[in-house]
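Throughout, protein chains are lettered first and strands after them, A, B, ... in sequence-line order, and every chain is numbered starting at 1.
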Amino acid sequence: MKYVLLFGGTMEGADQLEGAAKEQTMADYEKSGQWFEKYSKSGKIVGGHELQGPSTATTVSRRNGKVTVTDGPFIESKEVIGGYAEIEVADLDEALAMAKEWPGTVEIRPVVDHSQDQERARS
Amino acid sequence: MRILGNFDIAEEVVQDSLVTALERWPDQGIPDNPGAWLMTTARRRAIDLLRRDRRYAEKVLILERSSVVGDPVEADDRLRLIFTCCHPALPQEAQVALTLRAVAGFTTQEIAAAFLVSEPAMAQRIVRAKRKIVAANIPYRVPEGAELPARLEAVLAVLYLMFNEGYLSRGTGAGMRRDLADDALWLTRLLDRLLPSQAEVLGLLALMKLHLARSAARFDAAGEMVLLPEQDRSRWDQEAIAEGLRTLDTAALMRRPGPYQLQAAIAAVHAEAPSWETTDWEQVVTLYDALLRSANSPVVRLNRAVALSHVRGAQVALGEVNDLALALGDYHLFHATRAELLDELGEAALATEARRRALELCQNPAERALLLRKLGH
Amino acid sequence: MKYVLMFVGTQEDQDRWDRHSKEERAAAMAAAGQWFGRYMGDGKVVGGEQLQGPHTVTTVRGPSGNRVVVDGPFIESKEIIGGFAIVEVKDRDEALEMAKAWPSGPVEVWPAAER
């Protein structure tokens, strides 16, 4: 079963932080690197990326047939997504066990299985 | 569940066999091992149901073969069902509803009535939870090792919530509502049988037994709620209290204390006291202190303050209660407790004000009636 | 240069989708499928997933040693991520062109960090 883990990110990069907050962020960064390495090696992680900060995001939307391009994310929220991982595990409990080892907030979402569509398209 | 792998069918089957059990036991007597019998019946029914669907032919084979394994497997299936219904990835209201539906055999209508929501709303809550179990692939398994304590805590929280909902609304024209408190007790007993030697399961069981032992005294002849200080203690069920104390002793012997055992111990101090005045309040305060160390919640601190008023006086207790204003400002019992302490200090006007605020926030009819009575209505 | 295109929508979009007839859903899925097919053929889409609806979401939060599991998304918002695609293109403009060609709903274009 495939899930996508969405990782909570910070609004600012670590270079904009100072003191204890910066140390904590750097330690978490280190831990997240180890996490990725561990689970990539065991084959549980099948994809994933760290995203650049929300100030680098752009939104394309369409209103009444007109396409507009705006700076920043579409989703207005205090929380932002800092990255994601695609994982292939047995069930939600295994996904939760992985998420518990991540140094921050994680959202776990099952993906829609399109493997049969492709098989159908091929035949 | 694992052998069935289909939540709807498994649930239907367990309910079907519960119905069969309830129909048969009055005539044939309760079998020696109702749990095992229930699952044997459930399996027979499952085979019938699955036979109708050829896609499940293979699973039927597995199911039939598993019947030679015996009782532990059956008990395990039931336990898996409980842990799946109480999975923390589901919203807690849905955990309660699913457990009542799938394990205790409630109808959707009964659950809706018990929680005072409309039947369609409750049906949707259950459907969504079932969909999530399937879509997110929440496994049917009993958590093991390091995972078990937290997951067991979630199950106990559901059972305790269920119990409180039933216990607090007893005697309030609840004739049409099925008694959740009895069902929660039954489920906790079942859990103890399926997962023996868990100190906190026994702790919750003891807590429920000790509360239920006092339930006859909680309402007077006119159906009005009577609080602990004014209760006629001769109406307490001494046999039930003794049983609750025995259960608590068994839990204590395991030397793994926890919040439910501590709450049961507090209930035990009250149960053993001849009167409100002669209660061992120092012991109660000590137990609340221990409880605060394992679960620091403002509600526990509020309860501790009540006990403290008997040891160090109403003024000290009121100070502690006032400190909780920010956390509990929307909780009716915060204001009701303040009212009691203010009364004791002779501040009648302030007490009335606090009691009015409690009334505004209180939903439970029995508690509302009590507040109105104290306000002189 | 790698970008992640997030396909987002509001709760109303999700509700509308839930109310869609089989045919309407099939048509919308076909349009999204064509978009994926076209850009996968070009080698520009290198990955992507459609996520299941918001009622299937679980969040893990809290400090190490006290991680809690709760129902629902961590981003408390009216908007929802419905899926995403990972694209490998030469610059942001090319990623924006692809986002403009997406057949339904807004698209967030995020540069992936090099690590």
Side-chain angles (χ1 to χ4, degrees), chain A residues 2-8 28-29 31 33 36 46-54 56-63 67-70 72-84 86 92 95-114 117 121, chain C residues 2-6 8-10 29 33 36-37 46-54 56-65 67-69 72-84 86 92 95-115:
Chain A
K2 214 177 204 182
Y3 299 85
V4 167
L5 306 187
L6 299 171
F7 304 122
D28 285 350
Y29 201 70
K31 265 187 226 156
F36 256 98
V46 294
H49 279 101
E50 183 192 353
L51 302 177
Q52 295 193 34
T56 66
T58 313
T59 296
V60 176
S61 51
R62 199 170 302 150
R63 192 146 294 161
V67 175
T68 53
V69 178
T70 46
F74 171 78
I75 295 180
E76 285 174 35
S77 167
K78 289 192 299 294
E79 302 92 354
V80 293
I81 292 169
Y84 75 95
E86 278 181 73
L92 186 68
L96 289 172
M98 283 174 74
K100 282 181 182 170
E101 290 175 23
W102 178 263
T105 303
V106 188
E107 182 174 314
I108 298 125
R109 299 194 54 176
V111 307
V112 179
D113 185 4
H114 283 296
D117 306 357
Chain C
K2 248 182 198 156
Y3 289 86
V4 175
L5 271 49
M6 303 246 195
V8 292
T10 59
M29 289 303 291
F36 265 95
V46 295
E49 294 291 352
Q50 184 192 351
L51 303 178
Q52 297 208 42
T56 65
V57 186
T58 309
T59 292
V60 175
R61 58 175 10 134
S64 169
R67 305 280 279 160
V68 279
V69 177
F74 80 86
I75 294 187
E76 284 177 29
S77 164
K78 295 187 296 295
E79 297 92 11
I80 301 153
I81 300 168
F84 64 92
I86 302 125
R92 198 175 73 150
L96 291 179
E97 283 315 306
M98 289 174 75
K100 284 178 191 167
W102 176 250
S104 63
V107 183
E108 291 181 3
V109 180
W110 292 71
E114 303 295 332
R115 237 187 127 150

Look up atom [atom1] in [X] and atom [atom2] in [Y], then write down how far apart they are to the nearest 0.5 Å.
X	Y	atom1	atom2	answer
A/Trp102	C/Arg67	CH2	CZ	10.0 Å
C/Leu51	A/Leu6	CG	CG	6.5 Å
C/Thr58	A/Leu96	OG1	CG	6.0 Å
A/Tyr84	C/Ile81	OH	CD1	11.5 Å
C/Lys2	A/Leu51	NZ	CG	12.0 Å

Write down the atom of [X], the atom of [Y], and the distance for their closest heavy-atom approach.
X	Y	answer
A/Val4	C/Phe84	CG2-CE2, 3.7 Å
C/Pro103	A/Arg62	O-NH1, 3.5 Å
C/Ala112	A/Gln52	O-NE2, 3.4 Å
C/Trp110	A/Ile81	CZ3-O, 3.8 Å
C/Gln52	A/Arg109	O-NH2, 2.6 Å

(message) I'd like to verify something: which residue of C/Val68, C/Val57, C/Leu5, C/Val4 has the highest number of heavy-atom pairs under 4.5 Å with chain A?
(response)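 Ranked by heavy-atom pairs under 4.5 Å with chain A, first place is C/Val57.
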
(message) For the interface with chain A, which of C/Val8, C/Val60, C/Thr56 has the highest count of heavy-atom pairs at distances below 4.5 Å?
(response)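 Answer, by heavy-atom pair count under 4.5 Å with chain A: C/Val60.
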
Structural part of [X] lying under 4.5 Å from a heavy atom of chain A:
X	answer
C/Glu49	side chain
C/Ser64	neither
C/Tyr3	neither

(message) Closer than 3.5 angstrom, by distance alone: can the side chain of C/Arg61 be matched with the main-chain N or O of A/Glu107 as a donor-acceptor pair?
(response)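 No, the answer is negative, given that no donor and acceptor are paired below the 3.5 Å cut-off.
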
(message) Can you tell me which of A/Pro103, A/Ser61, A/Ala57, A/Gly47 forms the most heavy-atom pairs within a distance under 4.5 Å of chain C?
(response)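 Heavy-atom pair counts peak at A/Ala57.
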
(request) Pick one of side chain, backbone, both or neither for A/Val106, based on which atoms fall under 4.5 Å of a heavy atom in chain C. (result) both

